[in-house]
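In what follows, a single structure is set out as structure tokens and then discussed.
Keep in mind that the numbers below use all heavy atoms, side chains included, and drop hydrogens, waters and symmetry copies. Naming convention: chains lettered A, B, ... in sequence-line order (proteins, then strands); numbering from 1 in each chain. Note that the structure is predicted; figures quoted are calculated from it, not measured.
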Amino acid sequence: MNKKFLVGGSMIGMRVTQTLIPTLREVPAEADTVSHQLLLRAGMLRKVASGIYTLLPLGYRVVMKIEQIIREEMNRAGGVELLMPIIQPAEIWHETGRWDVYGPEMFRLRDRHGRDFCLGPTHEELITDIIRNEVKSYRQLPLLLYQIQNKYRDEKRPRFGLMRAREFIMKDLYSFDKDEAGLEVSYQKMYEAYCRVFKRCGLDFRVVEADPGAIGGGETHEFMVLADTGESKVVFCTSCDYAANVEKAPCDPQIIPSEENPRPLEMVATPDMRTVKEVADYLGVPSHQLIKTMFYKVDGEYVAVLVRGDRVVNETKVKNFLGATSVEIASEDEVMEAFGVPLGYAGPVGLQEKDKIKVIGDHEVRYLVNAVTGANKEGYHYRNVNTGRDYQVDAWADLRVAGAGDLCPRCKAPFQAKRGIEVGQIFKLGVKYSKALGATVLNENGKEVPIVMGCYGIGVTRTMAAAVEQNHDEDGIIWPPSIAPYEVVVIPVSHRDMLQVRMAEEVYQSLAAAGIDVIYDDRPERPGVKFKDADLIGYPVRIVIGSRAVEDGLVEIKWRASKEILYKSKEELVPYLRSSLERSKNNCI
RNA sequence: CAGGGUGUAGCUCAGCUUGGUUAGAGCGCUAGCUUGGGGUGCUAGAGGUCGCGGGUUCAAAUCCCGCCACUCUGACCA
């Protein structure tokens, strides 16, 4: 590990009075999530505009440490770093068609000559442009090129501080191979490199199978830092190592056995009962006895999707099943206009014939006996609805979102569900961009073939936020040592006791000289202030020099995470810290 | 994008309903004394285009209109 790389030089240490660490006693009104609050309060971050932030010295050190870990692991895997511009010309985006596809998420600007540009939300186009111009032969492959820099997305609603910002730092690596087999190798390398990166960052994470979505291509994995505040939901098997995004995980139908015989269809009044819960309670039936009918606009055409009342429609599966490019939920007005039924009273009975729309149902719905569903008439539902007799569908498919209790597709053990923060994703892009942009090589047989690509991203600033989200207590942040802004803080209890100050100074100098990443709190503040700040900022190790230390020569060492306190002589200090910090940074690898 | 909220000192907020001295508090900041192992206590200070623009009025932080910014909720269950 090359610490000298860090700007600011951890070799020389730092004094609190020399830098800027504006900690806040109160929680700023603008922040609602823990990571956002703590990063602001710990003096690491300040907002400039919605979703746009300044990283103060301490915050920037964390970012640099994460970047450095990423660099080392990308390089270890054979990656080579380069730098691309933030401003990108529109032309290249027109070539792949993404200038129009990207929509309002893209920051656009114009130069004085009226030429269109954008602030790069990603760099597939640019990197592929370089490759198509410079790489002509399979002999030049494989290539793994990466960059770490700011990216821009004009989010509809930036929130959660660094978690969903409009300007953020990303590492993107692009792999270029002559064939699918090569891509497989590159992908595996990245998979392993990513695991190492997040382990080294000291994060509790899971790798999950995900849906490729808009970016296109084949296999993809997401790297999720587990945290209750995460935006994504993942399921993982309790017995094997299978894990997946809830959108992706396949679901077997879970049939609830019924002894009943089909009874005659019956319309019942359900005034003002719209939601599944309301209707189920009103009629005294369990919610899984209901058929929920959801309307979507799929490539401009309406489609009705049926799932059991206790299930959630999985738009990704709907989209994939229909081979559609866009799936949008219909608005209340659209449903009213197209079907003349207010939300809450739609059902499959007669829907297909009357409105001539496509109806698809989740497997589970098929097995319902005497189900309840909307009667397509305001204020009424049907009871005793049965598949085949009362309604037909165009197809049955797996269309719901997985959850805890669903069964693992590999070993049939039940899933557990958790929330996570997506900090990385790896994709097999295939030839989508290389074809669109004409990035080809001549292969061994002299035949021109499109380069097979992969892309691999890590949200650096988001990783920082995720680390805080996962590692904090009521007093503040608890940085994993490998990404802490400083590893050790030295605090003299009394700034007026010259013996203490001299000893603290000595300890600080010796740690800095030994290459330990140390900061010295030399402010003429009361001890309580410095202790509070140390806890808030979350330095892994705190060294306090008080009267006791002056008298018996033993300095107090307190670990932020475990709250463990121990005492060492000045001579023991450096070796102790060196080995224990090294251990705590590496034990995750 | 739809709906709601907020905008007054560096930060957290009060004042606005019912217009009327010199616009307030706590924290932070400055100075002094005090204190010195978990945000010390006291004293004295500095600090404000009351988001911006317009209107009503003898008089606007306060009422009206417009704009802007920030923020929350929703945009996933019918």
Minimum-distance nucleotide (side-chain atoms of [X] versus [options]):
X      : options             : answer
A/R159 : B/C72, B/G36, B/C77 : B/C72
A/R25  : B/G37, B/G39, B/G36 : B/G39
A/R542 : B/A75, B/G38, B/U73 : B/G38
A/F531 : B/A75, B/C70, B/G37 : B/G37
A/K47  : B/G28, B/G37, B/C70 : B/C70
A/V529 : B/U40, B/G38, B/C77 : B/U40
A/R526 : B/G36, B/G26, B/U73 : B/G36
A/E26  : B/C77, B/G39, B/U12 : B/U12
A/D32  : B/G36, B/C29, B/C72 : B/C72
A/A29  : B/A75, B/U35, B/C13 : B/C13

Can you name the one residue among A/V365, A/V393, A/V303 that meets side chain to side chain contact (heavy atoms under 4.5 Å, CB included) with A/I360?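 Passing option: A/V303.
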Return the nucleotide paired to [N]: Watson-Crick means purine N1 to pyrimidine N3 with N6-O4 or O6-N4, wobble means G-U with N1-O2 and O6-N3, both under 3.5 Å.
N     : value
B/C16 : none
B/A44 : B/U30
B/C1  : B/G74
B/U6  : B/A69

Would you say A/D228 has more than 12 foreign heavy atoms packed within less than 6.0 Å of its CG? no
How about A/D100: does its CG atom have over 12 heavy atoms from other parts shown lying under 6.0 Å from it?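 Yes, the 6.0 Å shell around CG holds more than 12 heavy atoms from other groups.
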When all nucleic acid strands are considered with a 4.0 Å heavy-atom cut-off, which category describes [X]: base, sugar-phosphate, or nothing?
X      : value
A/R46  : nothing
A/R157 : base
A/V276 : sugar-phosphate
A/D497 : nothing
A/K277 : nothing
A/V335 : base
A/A330 : base

Examine the side chains of A/N245 and A/E222 and answer whether a donor and an acceptor come within less than 3.5 Å of each other.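 There is such a pair between these side chains.
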Distance check, [atom1] atoms only: [N] and [M], in whole angstrom units.
N     : M     : atom1 : result
B/G28 : B/G39 : P     : 12 Å
B/G20 : B/A60 : P     : 11 Å
B/U30 : B/U22 : P     : 32 Å
B/C77 : B/G51 : P     : 37 Å
B/U56 : B/C64 : C1'   : 7 Å
B/C50 : B/A14 : C1'   : 13 Å
B/A59 : B/G74 : P     : 46 Å

Geometric class of the A/Y391/A/W396 ring pair [parallel <30°, tilted 30-60°, perpendicular >60°]: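 If you compare the ring of A/W396 with that of A/Y391, the planes turn out perpendicular.
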What's the separation between atom CG in A/D522 and atom NZ in A/K530, rounded to the nearest 0.5 Å? 7.5 Å
For A/F295 and A/S50, find the nucleotide of RNA chain B closest to each by heavy atoms; which residue's nucleotide sits nearer the 5' end?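 In this pair, the answer is A/S50.
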Between A/R523 and A/N314, which has a closest nucleotide on RNA chain B that is more 5'?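 Final value for this comparison: A/R523.
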For A/W479 together with A/Y539, are the ring centres under 6.0 Å from each other?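 So the answer is no for these two rings.
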